[in-house]
Every structure is written in structure tokens, then in C-alpha cells.
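Keep in mind that the numbers below use all heavy atoms, side chains included, and drop hydrogens, waters and symmetry copies.
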Amino acid sequence: MGQRKPIVAGNWKMNGSLELIKEIAAVSAQIEEQQCEVLVFPPAVLLSEAISAGLKCGTQTVSEFDAGAYTGEIQASLVKSLGANYTLVGHSERRSIYGESNEDVANKFAQAQQSGLTPILCIGETQEQRTDGKTEEVVKQQLESVIEKLGIASLVNSVIAYEPVWAIGTGLTATPEQAQATHKYIRDLLRSYDEQVADALRILYGGSVNESNSELLFAQADIDGGLIGGASLKPESFSAICESAKG
């Protein structure tokens, strides 16, 4: 991991409550900020409460548009004005359930950055794609859709999250060696564009990370923390994961 400060980011998805905000805020306050950056991605309706509780926050998605007649969408600049600094873009559930294409994700990435948010770009393959040996091809396409639109320099103010789709919410997880192999591929691919960007960029692992496997995953050379799903809804588990990221 070197000089890259680890991130533990809790993606609450369509879960959470005012009580959970209080519990996670208490946990987060105990983590030494210089050693690990702790983020939460609550449902948008809880964002203000989470920020008021002292949590570093982001949204789970933003619109690719500045403003306008887009009922139900989330405006990136408004998210920023509330005090949040991050957003997820391209989470596998957004891609699979809501049909977001690589182009859509690149547009959302651009809108987030224009509004002052740091996008966490989620990339990863399905079980079928992994079985067919297409993992590297898939993540390359997902990454290069952003690079081709915005240039490699756009990744300076961003984070990557590698999330093998087959390991999200299934209880399955990539072995530390499997995860590291793909993280290394991602970093090597970025290095072919710009070594400094590649070396500085934080790449998180997401896919059924829990307090039992986080330490081994985070010990890998190219894994800089995690995007946590179900375990981020359990304060004790989330705390243990954060502690394991501090090395």
C-alpha cells in the first residue's frame, strides 16, 4: 500500500436509519483519521443527518445532468453543497438493475468531478465473465471508457473500487490472491498511461468483505481498503474492518 492512505467505505444501499447513523458515527470517531479514511454512503434522504453527525459521506449515485426536469435524480452540486465529498459511480447494481452503460458511468464521473465530488469508480466482472476468462477485458473496458472521455489525469481526483459482481451479497469473496491479481492488473494498466497516477491512485476491493477476511485482503500490495456492503450496517463489524485497514 505504501504511502496510499487506506479507505474503508460503507455502502448502505437501501438500508440504514437515524439510529445506525449515531452508532456508526461513534465507531468512526474512534478511528485515527491519519491512518484510515472512513466513509459512508447512506441513502440520499439520510445524507444531511449523517453529515451533521460528523461522518464523511457520499451518495450512492448522482445524475449525469447539471439540473433540470429529471424527477427522482440526485444533483451532484447539491450533494456537494450539503457537505458531502464523494459519490459512487458505476456500482454493479446500477449497471445491472438500472442499465447504466460504460458511457453513462463516464458521464456521471465527469459530472461528479465538475461539481467538486470525488467519484469512486466501481468496476468488475460477473461470474460468467470470470469463467470465460474475460475479467481483464471487462475491467479494461470499464476503466478506458472514463480515460477515453476525460483523460488519465481525471483519475488523480478519484478512487477505483474493484468489485467482482459474483462476490457481492453472495457470501462468496475472491481470495486475497485473486483480488490482488486483478488489482495489480488495474494498476499496471493505469501505469501504461501514467506511472505517477497509477502509483498514487487508491484501489479498493468490494465483494463480501467482513471482519474475518479484511485483514488478509488489505495486506495485499495493491489493495488500499474496501467498499463494504452488509458488514457496514453492523457497527462492531465495521469498526473491526476499519481497524484492520490501519495495518
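- Hydrophobic clustering of Ile, Leu, Val, Met, Phe, Trp and Tyr side chains at less than 4.5 Å, counting indirect connections, keeps Leu39 apart from Val27.
- Ring planes of Phe65 and Tyr70: parallel class, angle under 30° (limits at 30 and 60°).
- Between Ala245 and Pro6 the shortest heavy-atom distance is O-CG, 3.3 Å.
- Checked by atom type and distance alone, the side chain of Asp104 pairs as donor or acceptor with a backbone atom of Ser101 at under 3.5 Å.
- A salt bridge links Lys140 to Glu144: one of the charged nitrogens lies within less than 4.0 Å of a carboxylate oxygen.
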Verdict with reasoning, Glu37 to Arg202, per salt bridge (Lys or Arg N to Asp or Glu O under 4.0 Å): CA-CA 11 Å; Glu37 188 172 357; Arg202 292 178 290 183; 3.0 Å; yes

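- Without hydrogens or angle criteria, Thr87 side chain to Thr59 main chain gives a donor-acceptor distance under 3.5 Å.
- A side chain to side chain donor-acceptor pair (under 3.5 Å) with Asp224 is found for one member of Lys5, Arg187, His183 and no other, namely Arg187.
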Candidate pair Glu243 and Ser239, rule side-chain hydrogen bond (donor to acceptor under 3.5 Å, both in side chains), full reasoning: CA-CA 6 Å; Glu243 289 293 335; Ser239 176; 5.0 Å; no

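- Among all heavy-atom pairs drawn from Phe41 and Ala9, the shortest one is CE1-CB, 3.7 Å.
- When only modelled atom types and interatomic distance are considered, Glu128 and Trp166 share no side-chain donor-acceptor pair under 3.5 Å.
- The existence of a salt bridge linking Glu100 and Lys108 is confirmed by a sub-4.0 Å separation between a basic side-chain nitrogen and an acidic carboxylate oxygen.
- The minimum heavy-atom distance between Leu227 and Ala161, with the atom names listed, is CD2-CB, 4.0 Å.
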side-chain contact (heavy atoms from CB on, under 4.5 Å) between Asn85 and Lys80, worked out: CA-CA 6 Å; Asn85 291 304; Lys80 178 65 176 177; 2.8 Å; yes

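- Smallest separation of non-hydrogen atoms from Ser48 and Leu82: OG-CD2, 3.8 Å.
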